[in-house]
Amino acid sequence: CSGLTPQPTTTPERPWSEHYQMMQATDSWQLTGKIGIRAPAESHSASLYWEQSPQRYQIDLTGPLGQGGARIEGDELGVSIDIAGEQPLWAPSAEQLMEDTLGWQFPVQDVRYWILGIPAPSNPFELSLTQQLADEIIQNGWKIKYLRYNYQTGHPLPEKLTISRDDLRLTIIAKEWQIPH
Amino acid sequence: EIQEGAGERLNSLLATFDSLSADFDQVSGSDDSRRMDSSRGTLLLAKPNRFRWIAKEPFPQTLVSDGETLWIYDPDLEQATERKVSEGDSGVPALILNGQIEQLQSQYKIRLLQEKDDSQLFELLPLKEAEVFTRIRLLFTKGVINELQMEDSLGQRTSILFKNQKLNPKYEEDTFTFTPPEGTDVIVESSPESSE
């Protein structure tokens, strides 16, 4: 596409620092959308449902025609991945378990922030802004590009972003955000 | 309960057409999460195993198979995956709609649950533990498929209601091939080495 940066429509621009703080404090939300996975071992797309609360998360992935369902559930102790037709598996960390079961992985603890449009609090990052919103973040060896924002919930949340590292690229479309006030 | 012959009955019902077109409403969700996704679209199908599944909402997605290659196109992701259709690859819905009953019977036991006036309700249960779907139901009315319902081991239930079904429609040449639009990120998957 033409690479025109998205023009925020009516909402007055909030300075990045204020937006950043607000998003960091947002620790419970639900997202319905879609994920496109482009990985050497496994390229496909799935509908995505992510339910985040302060200590717990649940990510449901469903392929076309209700096939290829997978549920990732995690808390501070660890994570379980349950794939339709297979035994559920548990591990202390999501990344390796995802790689083994899904053929791709992403750092769930960081994506939880990237998906809101902000860097994860854990490590140093590089950030470029456009109109007070993140345009690109580089953190932990991953590059996150924000292609579109939507203002459905009153403040700007990413609508289309890509998360990539080496030969893995994930495209996430956030169709509907639900954030309890 | 009518046991024997259920496979044959299903076979005969699915043998009444060589091609099919229908609109569909698809609803999927699981009992624990209150979330329900619904989708609408059109299915075009021609035996032995060609189909075009065009879902319009909530996420536009098109699945096209000419029996050798399967394309999965997601316009909002601007991504199209192209992969060879391997033997076990064509999903259960495709097996059912294409009337490939013997292949289905190698994985699922078929029972005719109910039959009254002109409708039949079939149920398919997996023969072994590791099948994706734990239960499939098919409803036929006046000899035409009306509903396909599938449950997987995660408790995710998908039901597909068909309407405006037309039997044996004529299709143009390119109905079951797919050319990705300009700018689409096309991913050609090498055919999975049959590890099992």
Side-chain angles (χ1 to χ4, degrees), chain A residues 1-3 30-51 58-73 80-88 103 147-148 150 159-162 164 167-176 178, chain B residues 24 26-30 32-35 37 39 43 53 55 57-63 70 72-83 91-94 97 126 128-134 136 148-160 183 185-190 192:
Chain A
C1 50
S2 64
Q30 285 162 21
L31 161 68
T32 310
K34 191 157 196 188
I35 182 165
I37 298 137
R38 189 191 167 100
E42 183 67 40
S43 291
H44 56 84
S45 63
S47 23
L48 169 69
Y49 171 71
W50 187 319
E51 189 172 315
Q58 175 185 322
I59 304 171
D60 285 349
L61 302 168
T62 338
L65 299 175
Q67 298 186 115
R71 168 166 298 166
I72 307 168
E73 274 173 302
S80 76
I81 296 189
D82 196 347
I83 293 185
E86 289 170 29
Q87 290 306 329
L147 305 166
R148 264 199 324 265
N150 86 28
E159 184 178 86
K160 183 170 184 179
L161 63 143
T162 60
S164 38
D167 46 18
L168 168 67
R169 190 179 75 234
L170 307 170
T171 306
I172 294 179
I173 305 271
K175 223 32 168 197
E176 200 197 328
Q178 268 136 21
Chain B
F24 66 81
Q26 175 178 330
V27 176
S28 46
S30 43
D32 52 9
S33 70
R34 286 94 29 223
R35 183 180 54 77
D37 302 332
S39 163
L43 165 68
W53 175 275
E57 317 146 1
F59 306 114
Q61 180 172 59
T62 299
L63 307 176
L70 173 65
I72 302 173
Y73 172 54
D74 296 282
D76 44 13
L77 294 173
E78 291 166 278
Q79 177 178 310
T81 313
E82 180 188 320
R83 70 166 84 116
V92 168
L97 294 171
K128 48 182 170 24
E129 208 40 51
E131 287 306 340
V132 172
F133 293 115
T134 50
I136 300 168
L148 172 59
Q149 200 185 69
M150 300 168 283
E151 270 171 50
D152 70 19
S153 54
L154 300 178
Q156 174 91 0
R157 200 172 313 107
T158 300
S159 60
I160 303 171
D185 177 13
V186 180
I187 305 157
V188 182
E189 275 201 3
S190 55

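To find a chain, count down the sequence lines: A is the first, B the second, and so on, and within it residues start at 1. These values consider heavy atoms only, across backbone and side chains, with no hydrogens, waters or symmetry-generated copies.
By the side chain to side chain donor-acceptor pair (under 3.5 Å) test, A/Ser45 is found to be paired with B/Gln61, B/Asp74, residues two or more places apart in sequence or in another chain being considered.
Residues A/Arg71 and B/Leu154 come closest through the heavy atom pair N-CD1, 4.0 Å. Nearest heavy-atom pair across A/Lys175 and B/Asp76 is NZ-OD2, 4.2 Å. Across all their heavy atoms, A/Ile37 and B/Gln79 have their closest contact at O-NE2, 3.7 Å. Minimum interatomic distance between B/Leu77 and A/Lys34 (heavy atoms only, all atoms of both residues): CD1-CG, 4.1 Å. Looking at every heavy atom in both residues, A/Arg38 comes nearest to B/Ile187 through NH1-CG1, 2.9 Å. Smallest separation of non-hydrogen atoms from A/Ala84 and B/Val132: CB-CG1, 3.9 Å.
B/Leu63 touches chain A through its side chain: at least one heavy atom from C-beta onward sits under 4.5 Å away, while N, CA, C and O do not.
Taken from OG1 in A/Thr62 to CG in B/Asp152, the straight-line distance is 8.5 Å, to the nearest 0.5 Å.
Of the listed residues (A/Ser43, A/Gly36, A/Gly33, A/Pro88), the greatest number of heavy-atom pairs within a distance under 4.5 Å of chain B belongs to A/Ser43. In terms of heavy-atom pairs under 4.5 angstrom with chain A, the leader among B/Leu148, B/Thr81, B/Ile160 is B/Thr81. Considering only heavy-atom pairs separated by less than 4.5 Å from chain B, the leading option among A/Ile172, A/Ile173, A/Thr162 is A/Ile173.
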